[in-house]
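Throughout, protein chains are lettered first and strands after them, A, B, ... in sequence-line order, and every chain is numbered starting at 1. Reckoned from all heavy atoms, side chains included, excluding hydrogens, waters and symmetry mates. Bear in mind the structure is a predicted one, so any value in this text is a computation, not a measurement.
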2 protein chains.
Amino acid sequence: MTDRPRIRNIADLAKIAGVSPGTVSRALSGAGLISQKTRDRIQALAREHEFRPNVMARNLRIQRTGAIGVLIPLGHETGQHISDPFFITMLGLLADALTERGYDLMLSRVIPTDDDWLDRYADSGRVDGIIVIGQSDQSAVLDRAAARYRPLVVWGGHSRGQVHCSVGSDNVIGGDIATSHLIERGCKRITFLGDPTPLEIAQRLEGCRQALARAGLDDALTVFPAHLAAGIDESDITAYLANAETRPDGIFAASDVIAMSALRALSELGLAVPGEVKVIGYDGLALGEHTVPRLSTVKQDLTTGARNLVDLLLRRIAGEDTSSVVMMPELVARLSS
Amino acid sequence: MTDRPRIRNIADLAKIAGVSPGTVSRALSGAGLISQKTRDRIQALAREHEFRPNVMARNLRIQRTGAIGVLIPLGHETGQHISDPFFITMLGLLADALTERGYDLMLSRVIPTDDDWLDRYADSGRVDGIIVIGQSDQSAVLDRAAARYRPLVVWGGHSRGQVHCSVGSDNVIGGDIATSHLIERGCKRITFLGDPTPLEIAQRLEGCRQALARAGLDDALTVFPAHLAAGIDESDITAYLANAETRPDGIFAASDVIAMSALRALSELGLAVPGEVKVIGYDGLALGEHTVPRLSTVKQDLTTGARNLVDLLLRRIAGEDTSSVVMMPELVARLSS
DNA sequence: ACTATTATGGCAATCGATTGCAATCGCAAG
DNA sequence: CTTGCGATTGCAATCGATTGCCATAATAGT
């Protein structure tokens, strides 16, 4: 071992190589005006001494971090965790998409206590751009931040007049699809299971009402504001479904996670699915294939969604101005309806 | 608005405030030798101009980033995603634990193609410490890195002679518990569902063998190397279980995710659980409460686990030397066994 | 009023890599 | 053997905040 004096920076390596720090930098950072010979020599030297340039210094100099912040605002339900299957799925897909494009992913769970959590994060200089998953009840904050901070995209619903750039499926159409499906299957009394506080859920409910109106079933709807978090409201759901008089013959759950709770509640009550009650969820998560019976759902193409989010964000980082993307949801009829 | 000239750095603010950059730094960064009066004045000025010190510069100077890298090596199965429920759960818990301690979480999915992915990451200077989730088949790499890079902790199994600091449950005992439970329930032909390549799974299998030996059932075991990823091997599992001659009456799945696949396969085959076949999983994930029937499992306390990981890591960052933690797994008998 | 002491603030070096510009090298043509 | 020109490399400023050390202002003590 000749590497007695540990190489801590580019200057040390330069000394050993007998060149200037600038040359080492050029040799290590790929492109640049430098002869192949010295480049090889210096790279070999770096490898031999296990030297890797300090990323923070580089970041400071070139003014970018190579990281994207992924924020999950939990405004409407403090009980909901990052471990919610939807977030998790999205997170995994984003991680893959970002990795592919050479970015790291900085994860933060945010419980909005004030109005400038997003501004603070944006100005911290810790990331090159921000992806927010879900508007929760923070649309105003998002709009305000978006007006000033360009590299920001949001997964969620789209509404006219919205300032921030969003990617999501058309929740109104999705709600319509789900409800129409239940109607086609012969359902006459439909329950919407979900708390319509977040924009997306409200839109799904709107689509639901729209489909019912079209079928002349306006008063066939009951809304039961079950929470999103897995299992959190399960006994409530059970109690609600136990009542034979108000019991629906079709359930449109605002998310697959809620639908799962409903399935289990029904199973406990000994109600046959889809025989006595039909159930359809929303999201198209993988877990829907593992329920008993397999869950019908309205699928949002999250893979494409994640790719779109990353794509738009990188374009905004590059200075481009992008508009929101609304994707078409799709019926996946499995065995629960 | 008097903030015509945008304040981009501490020096600009200093000019406006009529003090030196050093003073501004002290005023903004909390403690320091500075009068309350000037501090207040400068902080007000900063707020007014929406100025927030650049984090990268700060990081470079003080030589820390305030971020912890969470790495998920996918050595043994490329099909497995970050969206695997176990990872996701762990990730959420880590995010919470780290946030509490004031750290950010930098997520990276790693597909080990060479032997120094970990060294590269450690030396990049992008994080203050690293948590690796699961040893996969990379124990050697982990040990090598740990010998040199202190702030590193690993979720996973513990084996004698191991160099890296790990946190995890005692998988041998866990395997024993699960198997003993099946034996008590009267199972005579047991199948271990899982690929024992990763250390943790191998240990669970070892515990399984140990319990069987104690009961004098040494040759009651079949090992079917189902993969970890949700759904990936489901048809294989179905085919295997369809064969009445080799069909077990007890299944010990190496993870809850695998157990879920098994449950669904059994349901498709019309086999009653727990009547004809008993099933027990491993991990104690929330999703086990949502299966039909509810999944019996060996629970690892992941909340405590995550807290331990963060705790040990921070102590290592502080220079302390810590030893591994092995937690006791616990039987959660639900309805599938 | 004058010195001793402490509380504040300024100066300048530092963290480590990047990069525009200038200097130098090598090679070829004259 | 020069001169010319492009290909390499060196020099030094820069990114923005932190902090040890010194100077000065403010306050106390006699």
Side-chain angles (χ1 to χ4, degrees), chain A residues 5-47 49-67 120 122-128, chain B residues 5-47 49-67 120 122-128:
Chain A
R6 175 106 189 272
I7 308 294
R8 341 195 112 277
N9 55 38
I10 227 174
D12 290 352
L13 225 213
K15 210 162 297 165
I16 294 199
V19 297
S20 78
T23 303
V24 173
S25 170
R26 281 185 261 258
L28 261 32
S29 62
L33 304 318
I34 198 174
S35 74
Q36 194 58 44
K37 205 184 325 173
T38 42
R39 160 161 309 163
D40 291 346
R41 190 167 60 86
I42 292 177
Q43 285 190 345
L45 218 46
R47 214 170 313 114
H49 290 268
E50 296 189 319
F51 169 74
R52 294 182 243 284
N54 181 299
V55 177
M56 285 191 290
R58 168 166 222 277
N59 287 348
L60 174 59
R61 180 62 231 244
I62 66 180
Q63 298 289 73
R64 36 161 281 154
T65 66
R120 271 207 311 278
D123 289 343
S124 76
R126 196 195 285 295
V127 295
D128 295 338
Chain B
R6 175 107 188 270
I7 309 294
R8 340 194 111 279
N9 55 38
I10 226 174
D12 289 353
L13 225 212
K15 209 162 297 166
I16 293 197
V19 297
S20 79
T23 305
V24 173
S25 169
R26 282 186 260 257
L28 261 32
S29 61
L33 305 318
I34 200 174
S35 73
Q36 194 57 45
K37 205 184 325 173
T38 41
R39 160 160 309 160
D40 290 346
R41 189 168 60 85
I42 292 177
Q43 286 190 346
L45 218 46
R47 213 169 314 114
H49 290 269
E50 296 190 319
F51 169 75
R52 295 187 240 283
N54 181 300
V55 177
M56 285 190 290
R58 168 166 222 276
N59 288 349
L60 173 60
R61 179 62 232 241
I62 68 180
Q63 298 289 75
R64 36 160 282 154
T65 65
R120 271 208 310 279
D123 290 343
S124 75
R126 192 196 288 293
V127 295
D128 295 339

When rounded to the nearest 0.5 Å, the distance separating CG of A:Leu45 from OG1 of A:Thr38 is 12.0 Å
Is any side-chain heavy atom of A:Ile10 closer than 4.5 Å to a side-chain heavy atom of A:Leu13? no
On DNA chain C, nearest-nucleotide positions of B:Gln63 versus B:Gln36: which is more 5'? B:Gln36
Counting any heavy atom closer than 4.0 Å, what does B:Leu60 reach on the DNA or RNA strands: base, sugar-phosphate only, or nothing? base
Reported CG-to-CG distance for the pair A:Asn54 and B:Leu60, which is rounded to 0.5 angstrom: 6.5 Å
Taking any heavy-atom pair under 4.0 Å as a contact, classify A:Gly18: base, sugar-phosphate, or nothing. sugar-phosphate
With the side chain counted from C-beta on, respond yes when A:Phe51 and A:Leu28 share a heavy-atom pair under 4.5 Å apart, and no when they do not. yes
OP1 or OP2 of C:dG10 sitting under 4.0 Å from any side-chain N/O of B:Ser20? yes
Under a criterion of less than 4.0 angstrom to any heavy atom of chain B, what are the 5'-terminal and 3'-terminal contacting nucleotides of DNA chain D? D:dG16 to D:dG20
What pair of heavy atoms forms the shortest contact from B:Asp123 to A:Glu50, and how long is it? OD2-O, 4.1 Å
Need one value for B:Ser25: base, sugar-phosphate or nothing, where a base atom within 4.0 Å counts as base even if backbone is also close, heavy atoms only. base
For a 4.5 angstrom cut-off between non-hydrogen side-chain atoms, does A:Gln63 reach B:Met56? yes
Taking the side chain as C-beta and beyond, is there a heavy-atom pair between B:Arg41 and B:Val19 under 4.5 Å? yes
Go nucleotide by nucleotide along DNA chain C from the 5' end; which of B:Val19 and B:Ala57 gets its closest nucleotide reached first? B:Val19
Within the distance-only criterion (no hydrogens, no angle test), does the side chain of B:Arg52 pair as donor or acceptor with the backbone N or O of A:Gly125 below 3.5 angstrom? no
What is the bend of the helix from C:dA1-D:dT30 to C:dG30-D:dC1 when you compare the axis at one end with the axis at the other, using five pairs each and rounding to 10°? 50°
